[in-house]
Undergrad: 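Please see the structure below; I have some questions.
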Amino acid sequence: MTNISDDHVKVHFRMEIDEGGWPPASVESLWAVDLGDCTVRLDNTPWFVRGVASGDILRVQPDDQGALWAGETVQASQNCTIRLIVLKDDGSDAARQSVLKVFHRLGTTGEGIEQFRMVALDVPPQADLPKIRKLLEHGETKEWWHWEEGCVTAAWDAAARA
């Protein structure tokens with residue numbers, strides 16, 4: 001995530017909680033840059049929301065209290081959102097930082113959160129998608145982490161077939 005400035009706003013996303021209680025909240029709020037005309041550009045990586053990535057431009061609708069609620073994606077950024085639950089060392093801070101560091105070398109950015117032993121990766125289209133996929137699969141085989149695709153692109157899917 002970039003530095004928060006005066007043109008940043010919080011955008012709220014409603015989420016369905018499954019039978020297992022996941023995600024752990026019915027609303028996630030993300031930072032975005034207000035572009036005017038009821039659109040915003042997401043400026044951080046989603047922890048739980050599916051189908052959006054950092055850089056996506058979304059239509060928003062204010063409620064009666066002025067809170068902005070996410071609507072349709074106007075323009076996709078072509079970034080992917082990949083989330084990991086870090087199992088190695090019980091998801092310690094050092095383990096999460098190690099995960100971020102190794103994926104950073106392949107062109108990603110991201111952040112970790114202690115509460116859920118999670119790492120959320122923002123994967124831009126110029127990142128080494130085939131190597132990232134192979135590393136994700138290898139780490140899952142080694143039981144270093146579980147991972148999921150929060151938002152993917154055609155380029156990401158093509159890397160799976162490469």
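These numbers come from a predicted model, not from an experiment. Side chains are part of it too, since the values below use all heavy atoms of this structure and drop only hydrogens, waters and symmetry mates.
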Undergrad: Rounded to the nearest 0.5 Å, how far apart are OG1 of T73 and CG of L42?
TA: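 These two atoms lie 8.0 Å from each other.
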Undergrad: Counting only pairs under 3.5 Å, give me each side-chain donor-acceptor contact of residues 120-133, with atom names and distances, residues two or more places apart or in other chains.
TA:
residue : atom : partner : partner atom : Å
D128    : OD1  : K131    : N            : 3.3
R133    : NH1  : E149    : OE2          : 3.3

Undergrad: First locate atom OG of S77, then atom CG of D56, and finally report the distance between them rounded to the nearest 0.5 Å.
TA: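 With rounding to 0.5 Å, OG (S77) is 4.0 Å from CG (D56).
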Undergrad: Work out which heavy atom in R41 is nearest to a heavy atom in G55; give both atom names and the distance.
TA: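 For R41 versus G55, the nearest heavy atoms are CG-O, 3.4 Å.
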Undergrad: Counting distance only, does the side-chain N/O of D34 pair as donor-acceptor with the main-chain N or O of V9 below 3.5 Å?
TA: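 No, because the side chain of D34 does not come within donor-acceptor range (under 3.5 Å) of the backbone of V9.
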Undergrad: Would you mind listing the cluster partners of W69? Hydrophobic ones only (ILVMFWY), side-chain contacts under 4.5 Å, chaining allowed.
TA: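 W69 shares its hydrophobic cluster with V27.
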Undergrad: Restricting to side-chain hydrogen bond (donor to acceptor under 3.5 Å, both in side chains), what partner residues turn up for S26, sequence neighbours left out?
TA: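 side-chain hydrogen bond (donor to acceptor under 3.5 Å, both in side chains) list for S26, sorted by chain: empty.
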Undergrad: Please identify each residue that fulfils side-chain hydrogen bond (donor to acceptor under 3.5 Å, both in side chains) with T39, with sequence neighbours left out.
TA: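 side-chain hydrogen bond (donor to acceptor under 3.5 Å, both in side chains) check on T39 returns D37.
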Undergrad: Listing request: all salt bridge (charged side-chain N to carboxylate O under 4.0 Å, His left out) pairs with a residue in residues 97-106, at least two apart in sequence or in separate chains.
TA: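 Of all non-adjacent pairs touching residues 97-106, none passes salt bridge (charged side-chain N to carboxylate O under 4.0 Å, His left out).
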Undergrad: Would you list the pairs meeting salt bridge (charged side-chain N to carboxylate O under 4.0 Å, His left out) in which at least one residue belongs to residues 68-77, sequence neighbours left out?
TA: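 Qualifying pairs, neighbours excluded: R59-E72.
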Undergrad: If you look only at pairs with a residue in residues 81-105, which of them pass as a ring-ring contact (aromatic ring centres under 6.0 Å, His included), with sequence neighbours excluded?
TA: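 Sorted result for residues 81-105: F103-W145.
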Undergrad: I'd like to check the ring pair (Phe, Tyr, Trp, His ring centres under 6.0 Å) partners of F13; sequence neighbours left out, ordered by chain and number.
TA: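 Partners of F13 by the ring pair (Phe, Tyr, Trp, His ring centres under 6.0 Å) criterion come out as none, since no residue qualifies.
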Undergrad: Assigning hydrophobic clusters by single linkage (Ile, Leu, Val, Met, Phe, Trp, Tyr; side-chain heavy-atom cutoff under 4.5 Å), is L58 placed with V152?
TA: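 L58 and V152: separate clusters.
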Undergrad: Mind checking whether V40 and L35 have side chains closer than 4.5 Å, heavy atoms only?
TA: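 Side chain of V40 against side chain of L35, heavy atoms only: no contact under 4.5 Å found.
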Undergrad: With a 3.5 Å cut-off and sequence neighbours excluded, list the donor-acceptor pairs that the side chains of residues 81-90 form with protein atoms.
TA:
residue : atom : partner : partner atom : Å
T81     : OG1  : V52     : O            : 3.1
R83     : NE   : W47     : O            : 3.1
R83     : NE   : E148    : OE2          : 2.9
R83     : NH1  : P46     : O            : 3.3
R83     : NH1  : W47     : O            : 3.4
R83     : NH1  : V49     : O            : 3.1
R83     : NH2  : V49     : O            : 3.4
R83     : NH2  : E148    : OE2          : 3.4
D90     : OD1  : R117    : NH1          : 3.2

Undergrad: List in chain and number order the residues that pass side-chain hydrogen bond (donor to acceptor under 3.5 Å, both in side chains) with D93, two or more places apart in sequence or in another chain; answer none if no residue qualifies.
TA: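 Residues passing side-chain hydrogen bond (donor to acceptor under 3.5 Å, both in side chains) with D93: R96.
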Undergrad: For residues 10-33, which residue pairs qualify under salt bridge (charged side-chain N to carboxylate O under 4.0 Å, His left out), counting only residues two or more places apart or in two chains?
TA: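 Every pair satisfying salt bridge (charged side-chain N to carboxylate O under 4.0 Å, His left out) with a residue in residues 10-33: there are none.
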Undergrad: For the CG atom of D7 and the CG atom of D43, what is their distance to the nearest 0.5 Å?
TA: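 Answer rounded to 0.5 Å: 8.5 Å.
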Undergrad: Hydrophobic cluster membership, with links at side-chain heavy-atom distances under 4.5 Å among I/L/V/M/F/W/Y: are W144 and F116 in one?
TA: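 Each belongs to a different hydrophobic cluster.
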Undergrad: Tell me whether L135 shares a hydrophobic cluster with M118, the cluster being built from Ile, Leu, Val, Met, Phe, Trp, Tyr side chains joined at under 4.5 Å.
TA: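 No.
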Undergrad: Taking side-chain hydrogen bond (donor to acceptor under 3.5 Å, both in side chains) as the test, write out the residues that go with H146, two or more places apart.
TA: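 Counting only residues at least two positions away or on another chain, H146 forms a side-chain hydrogen bond (donor to acceptor under 3.5 Å, both in side chains) with E140.
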Undergrad: Could you give the distance from CG (N79) to OG1 (T153), rounded to the nearest 0.5 Å?
TA: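 Spacing of CG (N79) from OG1 (T153) equals 8.5 Å.
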Undergrad: For T141 and E137, indicate whether the former's side chain and the latter's backbone hold a donor-acceptor pair under 3.5 Å.
TA: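 Pair found, side chain donor or acceptor close to backbone of E137.
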